[in-house]
Amino acid sequence: MATIAAAKKEKSVMDISKPANFAINVFFWIYTAICIIPLILVLVVSFTDEKTVLLNGYSLFPSKLSLSAYDFLLNDWLNVVRSYGISILVTVVGTIVSLTVMALFAYPISRRDFKHRGLFSFIMVFTILYNAGLVPFYMMYTQYLHLQNSILALMIPYIVQAFFVLVMRTFFSNSIPTELIESAKIDGAGEWRIFAQIVLPLSLPVLASVGLLCTLNYWNDWWLSMLFINDNIHINIQYRMYKALQDLQFLSSNSTAYAAILAQNPNFQLPSETVRMAMAVVGIGPIVFAYPFFQRYFIQGLTVGAVKG
Amino acid sequence: MLSKSKRFKSTTLLMAVVLMMSLVLAACGGNNGNEGSSSSPSGSPSASPSASPSATDSASPSASPSASPSESSGVDVSKLEPYEIKVLWEGPAQKDFPAVEAAINEYLKPKINATVKLSTLDWGQYNDKMPLLIAGRSPMDVVFTAQWNGHANNVAKGGFLALNDPKGPAGNLLEQYGQDIIKTLDPAFLEGAKINGFNYGVPTNKELAAQGGVLYRTDIAEELGLTEQLKNVKTVADLEPILKTVKEKKGSAIIPLFLKDGETFNTHYMIQHDYLGDTTIDGLVRKDGEDSKVISRFEDPAYMDQLKLTRKFFEEGLINKDAATTTLGTQDAMKKGNVFMITSSMKPGKDAEFANAVALPGKIGQINLGPRTVSTGETAGSMLGISSTSKDPARAMMFINLLHSDKYLNNLINFGIEGKHYVKVSDNVIKPGPNSADYNPGVAWELGNQFLNYTFETEAPDKWDQFKIFNEGAHKSPALGFTFDVEPVKSQAAILINVGKQYAAALETGSIDPAKAQEWYDKEKKNGLDKVLAEKQKQLDAFLASKK
Amino acid sequence: MEQAAQPNQAVLSETGKRQKQNVGYWRKYGVFYLMMAPALIVLLVNNYLPMIGSIIAFKNVNYQTGVFNSPWVGWDNFSYLFSTTDAWNITRNTIIYNVVFITLNLIIGVSLALMFNSMRSRKLAKFHQTMMFLPYFLSWVIITYLVYGFLNPEIGLLNKTILPWFGSDTMIDWYTDPKYWPFILPIVNTWKGIGYYAVFYLAAIIGIDKEYYEAATIDGASKWRQIWSITVPLIRPVIIVLTMLQIGRIFYSDFGLFYQVTRNAGSLYDTTLVIDTYVYQGLVVTGDFGMSSAAGLYQAVVGFVLVFVSNLIIRRISREDALF
């Protein structure tokens with residue numbers, strides 16, 4: 001009785017029939033398995049004995065386990081910790097600055113009474129459509145801004161992402177009632193005050209979700225470290241991991257270099273299959289664990305943000 | 001109407017923005033120009049000889065051509081301004097760089113009044129990043145470079161200084177500050193590493209000759225009674241009965257022959273092809289011949305015959321099935337323990353070295369196949385260049401000269417500090433020290449003169465003597481000293497490389513029918529092969545004519 | 001949006017005198033330009049100023065003499081893109097794969113979002129959503145190893161375990177036969193990226209006002225009908241934005257997917273070689289930034305034209321859905 005009552009209470013127009021719900025559930029369990037099994041595989045392989053992997057291939061149930069991959073990585077633990085530190089610093093500061101700058105741009109172009117909003121939207125969109133390429137961008141940062149080996153070079157390139165600005169613009173123009181802004185103006189509030197005291201507080205959802213996407217961008221980036229950091233010490237965690245993988249790929253495809261290295265240092269060891277997977281775990285681990293916590297805001301923010309273009 | 005006028009206004013504004021941007025840009029451009037001429041020594045070619053390393057007049061070539069009475073120390077130290085030499089090589093960064101730098105500086109100051117700043121680009125990074133560093137005009141002095149990591153392109157883009165161009169901005173550096181290099185280095189090295197008549201890098205003094213061959217598991221050979229048979233192998237065809245025996249007796253437990261892209265019997269070191277530069281662009285002369293006519297690989301009967309033979313091996317199940325696509329290195333394959341034989345480039349003591357590397361000490365044998373030869377690829381396989389952004393190229397050359405002649409410095413940079421990173425067993429033999437993990441660059445083949453290197457106690461103590469014998473009497477490729485400049489036909493080259501990738505790995509590992517070679521050849525012809533061959537021939541002829 | 005703004009504008013411009021209006025305009029809206037300034041500066045540095053550098057596509061650059069002093073070479077740097085006998089092949093591959101990817105991202109993305117939305121248990125829906133997003137975190141390098149773990153001809157999961165379940169004992173050589181890859185690549189690409197797209201669509205669907213559905217239910221419309229006549233039309237703006245952005249990049253392809261996941265196996269080129277991998281391959285050896293800039297320019301111009309045209313078409317059909 002109680003359950004029926006509860007079910008009735010919850011039932012809304014959105015609900016679908018039970019068999020359909022069951023089918024969807026089954027489908028999603030299968031799909032979730034398809035998504036998560038490879039990740040578990042990565043985790044398991046990282047704990048597998050190297051020789052077992054080479055001979056039997058990847059397996060979820062390896063015959064022999066080993067911690068040697070993590071041993072190899074933590075050999076270098078001081079650098080790993082430093083890289084984590086850089087990743088966290090860049091991600092946190094970058095995300096905050098980025099949100100501020102983008103919101104400041106998105107607000108004017110969301111105002112229907114601002115006559116140049118089409119033009120400035122276009123200036124934004126155009127950056128998605130045309131990209132000058134690596135070399136001019138690189139020269140700009142190294143020869144004109146002199147940001148080589150600077151932590152700023154890891155942040156500035158991702159501060160303004162046109163796509164996110166568009167998402168914010170849509171949210172502002174749809175979810176902030178025009179009357180609210182009008183009445184604030186009548187009360188004598190300037191645009192800065194309106195922005196800080198009305199727009200921002202009402203936009204927490206979109207700030208949270210764009211913030212999460214920015215966080216992902218910054219956290220997952222290895223490319224900027226590759227371009228701008230030369231000392232190989234002040235690099236972020238993703239690049240530290242990526243670099244080792246690249247070395248591996250390079251050496252396994254460039255026999256000249258490989259032979260030359262071996263000639264000099266016969267004990268040279270390449271990171272092995274298991275180490276690669278351990279590196280993936282070290283690189284993505286924190287963000288994967290953090291993700292479900294963020295996700296709550298994530299959907300909510302985009303929710304309102306995306307509707308009614 | 002209203003909307004029209006609105007759009008008009010937007011257009012005006014857009015134009016204003018563009019105009020503004022171009023103004024900003026012009027300002028930037030102008031700024032750039034100033035910067036170039038004031039700080040970078042080679043910013044404007046016309047002004048450079050006098051304006052260049054202004055900080056070091058005493059050492060600058062024009063001021064004191066005869067400033068070096070004693071050759072080993074090169075110059076009068078008291079007249080040199082202090083200078084920091086930025087050294088960049090390829091390999092992993094080392095934790096103890098600061099300690100080693102300090103030790104080097106202490107030694108270097110009285111010699112050439114310089115300090116060093118060591119840094120590296122990791123293996124996978126170099127090819128991506130070096131062109132960027134050159135494009136970004138990053139300050140560097142002594143830089144590792146090699147034919148296989150884009151040396152010719154980087155020279156073409158203005159990345160490196162000519163070291164023996166008397167008319168160059170820095171003068172003939174090699175002549176003035178590199179006397180020890182000229183004295184100790186086999187002339188074939190410098191001759192072979194030239195581009196358009198000049199050296200843009202000083203080759204490392206190491207093994208010069210190249211030879212192909214195979215490495216195999218002696219323990220398995222013994223078990224199957226193949227040892228005698230292996231001793232009598234003279235050609236690749238002789239290997240067939242041996243591999244077949246392995247296959248019959250060991251079944252699927254052992255892969256008789258492991259091949260991969262770039263490690264086959266058709267790879268240049270085995271088939272004696274000199275591609276005059278990058279091995280992925282067709283057009284070659286045979287290293288073991290005298291003929292300087294540039295031919296396509298398909299016009300070389302030896303290449304075609306070898307394709308058929310490899311295919312036969314493959315069809316008989318003697319080669320690993322995934323040979324065309326595997327990215328597993330031959331060393332890792334051997335380490336797995338289920339591989340009997342691989343191909344390899346050879347040198348003295350390769351077997352023992354390799355055995356250590358794959359943790360099978362004493363269980364690896366080597367068979368050399370074919371002649372020992374020398375081509376540009378070997379001579380330019382490892383060099384130290386001087387960046388065109390160097391503020392004091394003379395000092396950089398002095399430093400390279402010391403790496404080639406000064407035993408203490410050479411071993412210090414290669415093995416670190418005695419008692420810390422290595423321990424001496426006897427005069428020239430060492431073993432790893434307590435902190436060897438913190439400084440173990442493992443790149444002695446990049447830095448100077450290997451004949452000065454200590455040997456590890458696990459190596460043959462007469463390693464370097466064996467090398468000298470190995471180098472003597474190697475056949476010189478008719479194109480030795482020539483490197484193809486791809487610029488005039490770069491479009492065709494870019495296309496041919498793509499065409500080649502489609503077939504090379506599969507054909508050369510025997511994974512597909514050799515008849516496909518015809519298809520490859522046809523496709524190359526349709527995509528400008530003749531033009532590339534003609535250009536290679538033209539450049540080679542000009543080179544040979546200039547040599548006479 | 002534009003239409004809504006016009007009456008306002010009309011009132012303003014009709015009442016005030018021109019000059020007066022200008023002064024009023026700057027006093028009223030000047031602060032907006034100030035607000036936008038930081039982002040504009042960043043765009044200038046990151047995007048607009050480097051665009052001038054595109055001239056290296058028409059130059060033979062020598063960095064010692066500097067970009068601006070290097071000689072012009074006209075269209076030389078472009079010729080390798082068009083003079084190869086594979087030109088048609090790589091263009092076709094690039095476009096077809098992208099069209100397939102865009103379509104799959106749209107159809108599967110929207111379907112998944114609809115299904116999430118109709119699940120009865122919110123908690124479960126959220127759980128599955130999270131799981132679906134996970135592959136997005138894996139780098140292509142790692143995915144390459146995973147795919148190889150499946151497709152390795154000798155010890156791969158597919159040949160060794162899964163195919164025998166279905167009674168097939170033929171060893172398929174996945175990395176030498178190009179005919180499988182038009183299926184493998186879209187599967188891998190969708191698996192990795194669909195979580196991202198689905199979440200955007202889901203967000204849009206959740207935001208739809210429930211009243212629409214209530215009214216439709218009262219009218220007796222079936223679930224299917226509701227999807228077609230309420231949900232899809234209402235999330236159309238999101239669909240358009242996401243799709244247009246992908247169209248703009250139709251001449252680009254994910255390098256990791258096409259180069260690494262295929263292990264750059266030459267025998268697969270018939271179905272796997274795309275513009276980006278083709279360009280990369282040639283440039284590793286020729287090392288010429290002029291040529292890579294030429295390719296980038298070509299890709300961008302085509303993408304730009306396509307977006308511009310599709311935006312025009314959308315403007316014709318329904319003005320307020322246009323991107324700009």
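Residue numbering restarts at 1 for every chain, and letters A, B, ... go by the order of the sequence lines.
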Q: Find the one option among C:M131, C:K192, C:M132, C:Q299 whose heavy-atom pairs under 4.5 Å with chain A are most numerous.
A: C:M131
Q) Hey, which of A:A103, A:P108, A:P136, A:A280 has the most heavy atom pairs under 4.5 Å with chain C? A) A:P108
Q | Among the listed options A:V45, A:V165, A:I156, the residue most often paired with chain C at heavy-atom distances under 4.5 Å | A | A:I156
Q: Step by step, work out the side chain to side chain donor-acceptor pair (under 3.5 Å) result for A:S121 and A:R169.
A: CA-CA 9 Å; A:S121 300; A:R169 176 192 74 174; 3.1 Å; yes
Q: Run the numbers on C:T231 and C:Y212 for side chain to side chain donor-acceptor pair (under 3.5 Å), then give the verdict.
A: CA-CA 9 Å; C:T231 315; C:Y212 290 110; over 6 Å; no
(Q) Is the shortest side-chain heavy-atom distance between A:I123 and A:F120 below 4.5 Å? (A) yes
(Q) Could you work out, with salt bridge (charged side-chain N to carboxylate O under 4.0 Å, His left out) as the rule, every residue matching A:R111, not counting sequence neighbours? (A) A:D113, A:E191
Q | CA sep, side-chain torsions, deciding dist, call: A:W192, A:Y107, ring pair (Phe, Tyr, Trp, His ring centres under 6.0 Å) | A | CA-CA 10 Å; A:W192 288 103; A:Y107 172 61; 9.6 Å; no
Q. Between C:Y33 and C:Y29, is the ring centre distance below 6.0 Å?
A. no
Q.
Tell me whether A:F22 at atom CZ has more than 12 heavy atoms from other residues, nucleotides or ligands lying less than 6.0 Å away.
A. no
Q) Side chain, backbone, both or neither: which part of A:Y31 has an atom under 4.5 Å from a heavy atom of chain C? A) side chain
Q) C:H128 vs A:F28 aromatic rings, parallel, tilted or perpendicular, using cut-offs 30° and 60°? A) parallel
Q | Region of A:W219 in contact with chain C, defined by heavy-atom distances below 4.5 Å | A | neither
Q: Counting only heavy atoms closer than 4.5 Å, note whether C:L134 contacts chain A via side chain, backbone, both or neither.
A: both
**Q.** Contacting moiety of A:M102, where chain C heavy atoms sit under 4.5 Å
**A.** neither
Q. Where the side chain of C:K59 meets the backbone of C:F68, is there a donor-acceptor pair that is under 3.5 Å apart?
A. yes
Q) Atom CD1 in C:I52, atom CE in A:M139: separation rounded to 0.5 Å? A) 13.0 Å
Q. So, C:Y201 versus C:Y197, ring centres under 6.0 angstrom or not?
A. no
(Q) Which atoms of A:I36 are under 4.5 Å from chain C, going by heavy atoms: the side chain, the backbone, both sets, or neither? (A) side chain
Q) C:I194 versus chain A, heavy atoms under 4.5 Å apart: side chain, backbone, both or neither? A) side chain
Q: Flag the one option from C:F116, C:F150, C:Y136 with the top tally of heavy-atom pairs under 4.5 Å to chain A.
A: C:F116
Q. Heavy-atom count around A:F126 CZ within 6.0 Å, excluding the residue itself: above 12?
A. yes
Q: Select one option (side chain, backbone, both, neither) describing which atoms of A:I34 are under 4.5 Å from chain C's heavy atoms.
A: both
Q) With only heavy atoms counted, which part of C:I56 is less than 4.5 Å from chain A, the side chain, the backbone, both or neither? A) side chain
**Q.** Heavy-atom contact with chain A under 4.5 Å, split by part of C:N46
**A.** both
**Q.** Segment of A:Y138 engaging chain C (4.5 angstrom heavy-atom cut-off)
**A.** neither
**Q.** Option that, when pairs with chain C are counted at under 4.5 Å, heavy atom only, ranks first among A:N25, A:V101, A:T127
**A.** A:T127
Q: Answer with side chain, backbone, both or neither: which region of C:L114 has an atom nearer than 4.5 Å to a non-hydrogen atom of chain A?
A: neither
Q) In terms of heavy-atom pairs under 4.5 Å, which option from A:F163, A:Y141, A:W29 contacts chain C the most? A) A:W29
**Q.** Part of C:V45 lying under 4.5 Å from any heavy atom of chain A
**A.** both
Q) Given a strict heavy-atom distance threshold of 4.5 Å, which part of A:I128 is in contact with chain C: side chain, backbone, both, or neither? A) both
Q) Which atoms of A:W222 come close to chain C, meaning under 4.5 Å heavy atom to heavy atom: side chain ones, backbone ones, both, or neither? A) neither
